Each structure stands twice: as C-alpha cells, then as structure tokens.
Trainee: 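Pasting a structure below so you can have a look.
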There are 2 protein chains.
Amino acid sequence: MQIQIDNSSNRPVYQQIIDAVKRDIALERIKLGEKLPTVRQLAGELVINPNTIAKAYRQLETEGIITTRPGSGAFVAEMNSNISKSVRKKIVIQELERIAIDAVHMQISNEELTQWFAEVIKKFKNTFGE
Amino acid sequence: MQIQIDNSSNRPVYQQIIDAVKRDIALERIKLGEKLPTVRQLAGELVINPNTIAKAYRQLETEGIITTRPGSGAFVAEMNSNISKSVRKKIVIQELERIAIDAVHMQISNEELTQWFAEVIKKFKNTFGE
DNA sequence: TAATTGTACTATCGCAACTAATACAAGTAT
DNA sequence: ATACTTGTATTAGTTGCGATAGTACAATTA
C-alpha cells in the first residue's frame, strides 16, 4: 500500500484513501483476502487522525470492497456488486458524459480521447468483469 | 436552457449550473454568440439566490466558456483552451482512470464499458476539436 | 491475561456553500 | 438625458462537511 495524500487537493483525505485502495485492488497490487494496513498504522504513516482512516475503512466496508473484523484487521473482499445493472450503467454513463464534455471544451479531438481511453483500459484489463 | 437542479445531490448548486451550461454548449443546444438567461431571470426560474447564479457565471467566464458584459448579458464564447496540451491530457487520463476503477469494482466487462464509451462519444462528435 | 484492532461517541475548529440585502458600474431603450 | 436592465462587488449570517482530539468499548490474537 503506497498512498500519497495531496493536502493541496480539494478532494477530502478520507476520499483519497478510498480512491487509493480501490485503485490498488483494480491494479492487482493488493489481492483477494490480503490484509490492509491497520487504522492506527496508516494514521501514523500518513500523519493524519485515525478517525479519518476509520471513516474511509467504514465506507469501503459499506461498499463491499473490504471486510473488517475488530481484533483482526481489514481485508480485501470478493468483488460482487450489489447494485442493479441498470443503475450501474446510469452511473458510468453519467461519468463518461462529464469527461466527454470536458474534452470538448478542452478542444481535444475525438481520436485522441478514444486513444487515451484505450490506453487506460489496457491497464485494468485483468480485473474487469467477465 | 433547460436546467434541472437536484437539491438532494451533494453537488453544489452553482456547480450544477456550470455543468449544465457546459453540457448544452457541447451538445450544441446553445451556440457561439448566443445569449444566456440573465442572472436574475435564472434565479427566478430555479428559485435560488441570484448570487449563486452569479458565482457560476463568474467561474464560467474565468474558464473562458462565456463572456459577460454588465448591462448586456452573458454570451457563449469561442472555444479556445488556455491550458497546455500536456496538462489537458493529464486531467483527462486521471478522470478516465477513475471511471475504469469504478467499472472494475462494479464488475462491468471491458466490452460493455467500451461500447458505452462509444455511445457517449457519438453524442458529442460534432463539437470535438479538429 | 495482555496487547492489538476496528468501532463508537462527543466535542471542537475551519472552511465551503448558500442565502440575504444592498450598492455600484456599464450597457440598452426610449 | 433618463430610466431600466444587466453583471459585479461587498458584507453578514447560517448550515453542513471534513478533520482533529480524546476516550471508551468489543472482538480477536498471542
């Protein structure tokens, strides 16, 4: 787990931790069943309040990304999305549209954007759904 | 200009207005030089404080999306991104990665995501850069 | 039994978002 | 010229979120 907190970012710290965990799982840097750093340990490393880490872990558990057990630790859970297919599509499309809009206003060409998309996809190809 | 404000959303109102204007421009619902609703008019329609609209317009002007003139109104400006190419790429890649990560955890397949991407792109194909 | 781990709770601080009211400056219409 | 419209600026106050701090609890591990 290598997490870089950007204090100048307007993205909340607890959210940056959630982002990092999700990213590392998607990139297979941490795998199913592996243990995450403890709340207090991560808090020490990053020099932030343990409550902030706890908040991130709590939300990750709510989302089904990890499972936690007091006395034991936090572990990477199996992937099984509890949201319905239609809702998932809605969410993703919404995010894709925002990118497209941003790209238009940045005067990025259709071809460029498509190529960048392909590059990104390649990075995660091992962990996509079946 | 048809703007829908979602008060239950955690996205700030002024940001939703910015999103809507950018979207309508990217979809060619409003075109170069056309006039936007006045601050007070929009505030009346959406039943929100004029200052909130003003804040959105001010930021849109800063980004170069619109030009405003007191006494006259706000108008759609020409598209010319002032950010460097490398920075633009960095921003877009970052957004694309976040989507990919979300998609992985939602167990969306590579093929599905790619198809959705293509669908979205098609909507905006007229307004992409050259 | 003692140490570790995640959770829960309360209190506090700082900041962003939003509302509100008002005044101002620049353009438009007559 | 005069009156109106338009975006801007300023100040003040409220609300909610993010983060910190300290403490206590429950479950697991050694």
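Here the structure is a predicted model, which means the values were calculated and not measured. Numbers restart at 1 for each chain; the letters A, B, ... are given by sequence-line order, proteins then strands.
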Trainee: Mapping Gln41(B) and Pro70(A) to their closest nucleotides on DNA chain D, which lands nearer the 5' end?
Mentor: Gln41(B)
Trainee: Using a heavy-atom cut-off of under 4.0 Å over every strand shown, decide if Glu61(A) touches base, sugar-phosphate, or nothing.
Mentor: sugar-phosphate
Trainee: Can you tell me if Lys55(B) touches the phosphate of dC18(C), counting only side-chain N or O atoms and a distance under 4.0 Å to OP1 or OP2?
Mentor: no
Trainee: If hydrophobic clusters are built by linking Ile, Leu, Val, Met, Phe, Trp and Tyr wherever their side-chain heavy atoms come under 4.5 Å apart, do Leu32(B) and Leu27(B) end up in the same one?
Mentor: no
Trainee: With heavy-atom distances below 4.5 Å as the criterion, would you say the side chains of Lys22(B) and Leu60(B) are in contact?
Mentor: yes
Trainee: Is a side-chain donor-acceptor pair under 3.5 Å present for Glu63(A) with Gln59(A)?
Mentor: yes
Trainee: Among the candidates dT8(D), dT19(C), dT5(C), find the nucleotide nearest to the side-chain atoms of Arg40(A).
Mentor: dT5(C)
Trainee: Take Gly71(A) and Val47(A), find for each the nucleotide of DNA chain D with the closest heavy atom, and name the residue whose nucleotide sits nearer the 5' end.
Mentor: Val47(A)
Trainee: Tell me which nucleotide among dG7(D), dT5(C), dT20(D) gets nearest to the side chain of Asn49(A).
Mentor: dT20(D)
Trainee: Side chain of Asn51(B): nearest nucleotide among dT20(D), dT19(C), dG7(D)?
Mentor: dT19(C)
Trainee: Reckon Tyr14(B) has a side-chain N or O less than 4.0 Å from the OP1 or OP2 of dA17(C)?
Mentor: yes
Trainee: Check Lys123(A) with Glu97(B), please: is the shortest side-chain N to carboxylate O separation under 4.0 Å?
Mentor: yes
Trainee: Check this one for me: any side-chain N or O of Thr68(A) less than 4.0 Å away from OP1 or OP2 of dT7(C)?
Mentor: yes
Trainee: Output the rounded distance in Å from CZ (Arg11(A)) to P (dC17(D)).
Mentor: 17 Å
Trainee: Please give, in whole Å, the distance from dG18(D) P to Leu46(A) CG?
Mentor: 18 Å
Trainee: Would you say Thr52(B) reaches dT19(C)'s phosphate, i.e. side-chain N/O to OP1/OP2 under 4.0 Å?
Mentor: yes
Trainee: Which nucleotide, dT6(D), dA19(D), dG6(C), lies nearest any side-chain atom of Ala74(A)?
Mentor: dG6(C)
Trainee: Is it true that Lys85(A) and Glu112(B) have a side-chain N and a carboxylate O under 4.0 angstrom from each other?
Mentor: yes
Trainee: Rounded to the nearest angstrom, tell me the gap between atom CD1 in Ile48(A) and atom P in dA21(D).
Mentor: 11 Å
Trainee: Report the distance from atom CG of Leu60(A) to atom P of dG6(C), rounded to the nearest whole Å.
Mentor: 13 Å
Trainee: Using whole Å, report how far CD of Gln15(B) lies from P of dC18(C).
Mentor: 9 Å
Trainee: Atom CD of Gln59(B) to atom C1' of dG7(D): distance rounded to whole Å?
Mentor: 16 Å
Trainee: To the nearest Å, how far apart are Asn10(A) CG and dG14(C) C1'?
Mentor: 16 Å
Trainee: For Arg58(B), report the nucleic acid contact type (base, sugar-phosphate, nothing); a contact means any heavy atom under 4.0 Å.
Mentor: sugar-phosphate
Trainee: Provide, to the nearest angstrom, the distance between the CD1 atom belonging to Ile53(B) and the P atom belonging to dT6(D).
Mentor: 14 Å
